[in-house]
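The structure appears below as structure tokens.
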Amino acid sequence: MSESDKEKQKLYYPSPELATTARVKNMEEYKKIWKHSVEKPREFWAEEAKMVDFFTPYKEVWTGSTDDDFVGKWFTEGKLNVAYNCIDRWVEKGFGDEESLIWMGEDDTIKSYSFSQLKDEVSKAANALKSLGVKKGDRVCLWLPMISELAIIMLACARIGAIHSIVFGGFSAESVKDRIDDSECKVLVVADEVKRAGKAKPMKINLKGIIEQCPSIEHVAVVKVTGNPTYEYEKDVDFSALMATQSADCPCEPMDSEDVLFILYTSGTTGKPKGVVHTTGGYLVYGMSTNKYVWDYSCLLDLKGAEPKDRDVWYCTADIGWITGHTQIIYSPLALGAKTVMYEGTPTWPHKGRFWEICQKLGVTHFYTAPTAIRALMKYGAEEVNKWDLSKLKMLGTVGEVCNWPEWKWYWDVVGKGTGGEKPVGRPIVDSYWQTETGSYMMVNFGSITPMKPGSCTFPFFGCNPVLLNEEGEKINTPMTQAYFAYDMPWPGLMRTVWGDHDRFVSTYLTKFKNHYFTGDYAQIDEKGYYFILGRSDDVIKVSGHRLGSAEVEAAINSHDAVAESAVCPYPHSMKGSTIFAYVTLMSGVEGNEELKTDIVKHVRAMAGPAVKPEVIMFSDALPKTRSGKIMRRVLKAIALQGDIGNVMTLANPEVVQALVDERAKLGEIKF
Ligand code: WTA
């Protein structure tokens, strides 16, 4: 075994002082509570639900049963409001002047909201939405950059019981339209422009010609970021001005535990993104529970001896357009009464050490990012980190994809100040595994106590019971064997349905393995019971941690006039984890050349957004298909990687394979 292999397989330990104030003191206690949580989930979740203030107490913790109604209902007939739990209750308990959300702009502006100030802003936004006719149950689409209004307006929706559907700012106006149409949003909130790396970039103007085709939209609420002139539409409302005239008094709508809190669209195996539905009570309890135990930060719910003003500072670098931003920047930390940081810009502007500068400036104690960001930053070396005073940092974390050894090691050594030797000790790296669908973490190390293994998301969170299954649904207990990754019981934060398509929810997640939630991932376990995620078993591609569906990317490529058909597959990328490799069949008579490739890429970006960019395009006369006409992606992946193609007997057109292999050879070695 090489030195680095040995290093990789060691156990790494959190700094021992963390355990002294941990909520779960050691691994024995973790195991005991975990056992109780899966054997007696109703008892366990009843205890956790005490963290939430219900207006009317719930009747039953969980109505489901794992062999009949798998997901069931949680905290039935309870009445509560998420914004009330995130904001008002802290004001009522006398913490109105304490910091809640700390927003930092690209230009260094800091807006630190006390709970009282946040309550006022959210109430004004809520009244502004009401004045546009938004009521409980209505859908509001938010397509915004990481400005403070995004946080405020999402909380405003929660306050009045409107359902928000946030679309990542890096997606296209076309994707916004699809999402608006699917859930029939009444109002779209959009920014005039976006600030990126010191420049103003257009946002609203991209809606020209598209928003007019969204019949459900009654108003387009425009948040002024730059105030520069942009495309004006007859349904526009100046939301910034409207908010300014509103009263700061707006009651919180009592919501049923099972009322929808938000819809968040995510990619799946078909071209149509799925509207993942999260509800009020279960999502809130689960998010709070995961954050409290895993990160152990001091917060108003449990100050752990700190003064309210000296609470820990939590910084999650995700964009609110993804589930990570919803659960980990806004809802869970605020409901716990934490100080939570939101940053407008990118990690490398105006300099390469921006994240670390923010940590110093705001006194960050808990820092949570994605492996793709670590890979981007590690290339600038340790100097960019060491320039800053990171002495307040206690814990680090990652989410979204496997944190592989090179970036894990760099994070441990340089940011974590971890030691080497037989028993390495340092700032823990929390590896959290979860999905848009699951609300919050299902596999995760408890920062203060769990010994870590690089690349492993370690063990299950309370109430989660993971199983590894083969194609027939039989359990696989052999270590280091790839298997389908599923869960044999639900937890309160699991999605409830796909918006408008419950059958799709059941068929995507609950059908492959009866009485199980299937994640779509492959995983394996090692001899010590550590879990390792091995990637997707379906057509989801992760680019820079962003989840993209093959079919959506293909639909964007296919809408180019010169294209007859296409198929995409993931291709390894040193920074992004994966990038997109596209096979494109052109319309007959069209000649494939470099210029056309550039044009296709440009077109895809316009159709699907700047986050979606095929980096390799290979023209091919035909694609390998099964007799039922399905593209065989396994073969395409192998050809792209110039690897072993395996058995192609089931193909309807095996002869195309050789042609593709030859074509691929002409492109030579491709390295990103
Ligand atoms: C992958 C992000 C390995 C996985 C919160 C999952 C991970 C998909 C990890 C969900 C991790 C997420 N280690 N893989 N710690 N976390 N994934 O919906 O494939 O954007 O199914 O949610 O990301 O991506 P999503």
Side-chain angles (χ1 to χ4, degrees), residues 166-168 170-171 262-269 273-278 283 286-287 290-291 294 316-329 331-332 368-375 396-405 407-408 411 429-445 447 450 452-461 464 466 482 484-487 493-495 498 508-509 517-525 530-550 552 570 576-578 611:
I166 303 181
V167 182
F168 173 54
F171 280 157
F262 65 82
I263 306 171
L264 183 56
Y265 284 85
T266 191
S267 301
T269 42
K274 294 184 285 264
V276 169
V277 170
H278 281 290
Y283 171 81
Y286 193 64
T290 47
N291 279 257
V294 168
C316 163
T317 71
D319 190 291
I320 290 182
W322 305 98
I323 189 70
T324 307
H326 283 58
T327 309
Q328 318 295 351
I329 302 180
Y331 289 125
S332 312
Y368 185 48
T369 194
T372 186
I374 304 171
R375 288 192 295 268
L396 310 171
T398 69
V399 55
E401 52 183 321
V402 177
C403 190
N404 287 306
W405 173 244
E407 62 261 24
W408 196 95
Y411 207 22
I429 299 174
V430 169
D431 184 334
S432 57
Y433 166 81
W434 57 300
Q435 306 178 301
T436 307
E437 293 87 339
T438 68
S440 193
Y441 322 137
M442 304 105 88
M443 305 298 299
V444 64
N445 44 312
T450 313
M452 293 155 273
K453 264 205 177 170
S456 166
C457 51
T458 74
F459 307 117
F461 186 70
C464 293
Q482 172 171 310
Y484 291 113
F485 195 38
Y487 285 79
L494 188 62
M495 70 185 285
V498 169
T508 311
Y509 304 103
Y517 167 78
F518 176 46
T519 62
D521 284 310
Y522 289 121
Q524 67 184 23
I525 193 166
Y530 279 77
Y531 280 82
F532 290 82
I533 305 298
L534 303 173
R536 300 289 307 186
S537 69
D538 58 14
D539 299 332
V540 167
I541 307 179
K542 279 258 166 163
V543 178
S544 298
H546 294 171
R547 186 166 160 177
L548 306 175
S550 307
E552 285 160 71
K576 300 178 184 174
S578 304

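Both ligands and their constituent atoms are indexed starting at 1 by order of listing.
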Between Glu407 and Arg375, is there a salt bridge with N-O shorter than 4.0 Å?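 Between Glu407 and Arg375 there is a salt bridge, with a charged N closer than 4.0 Å to a carboxylate O.
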Report the residues that fulfil side chain to side chain contact (heavy atoms under 4.5 Å, CB included) with His278, sequence neighbours left out, ordered by chain and then residue number.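 Per chain and number, His278 pairs via side chain to side chain contact (heavy atoms under 4.5 Å, CB included) with Phe262, Val276, Tyr283, Ile323, Met495.
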With sequence neighbours excluded, what pairs up with Arg547 under the salt bridge (Lys or Arg N to Asp or Glu O under 4.0 Å) test?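 For Arg547 the salt bridge (Lys or Arg N to Asp or Glu O under 4.0 Å) partners, ignoring immediate neighbours, are Glu437.
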Return the set of residues passing salt bridge (Lys or Arg N to Asp or Glu O under 4.0 Å) with Asp521 (not counting sequence neighbours), or none when no residue passes.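 Here the qualifying residues are Arg536.
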Short side-chain donor-acceptor distance under 3.5 Å, Ser432 and Tyr368: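 The answer is yes; a qualifying pair exists.
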Kindly tell me which protein residues have any non-hydrogen atom under 4.0 angstrom away from an atom of ligand 1, grouped by chain and ordered by number?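 Those residues closer than 4.0 Å to ligand 1 by some heavy atom are Ile323, Thr324, Val399, Gly400, Glu401, Val402, Asp431, Ser432, Tyr433, Trp434, Gln435, Thr436, Asp521, Ile533, Arg536, Lys542, Arg547.
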With the side chain counted from C-beta on, respond yes when Ile533 and Tyr522 share a heavy-atom pair under 4.5 Å apart, and no when they do not.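 No. Closest side-chain heavy atoms not under 4.5 Å.
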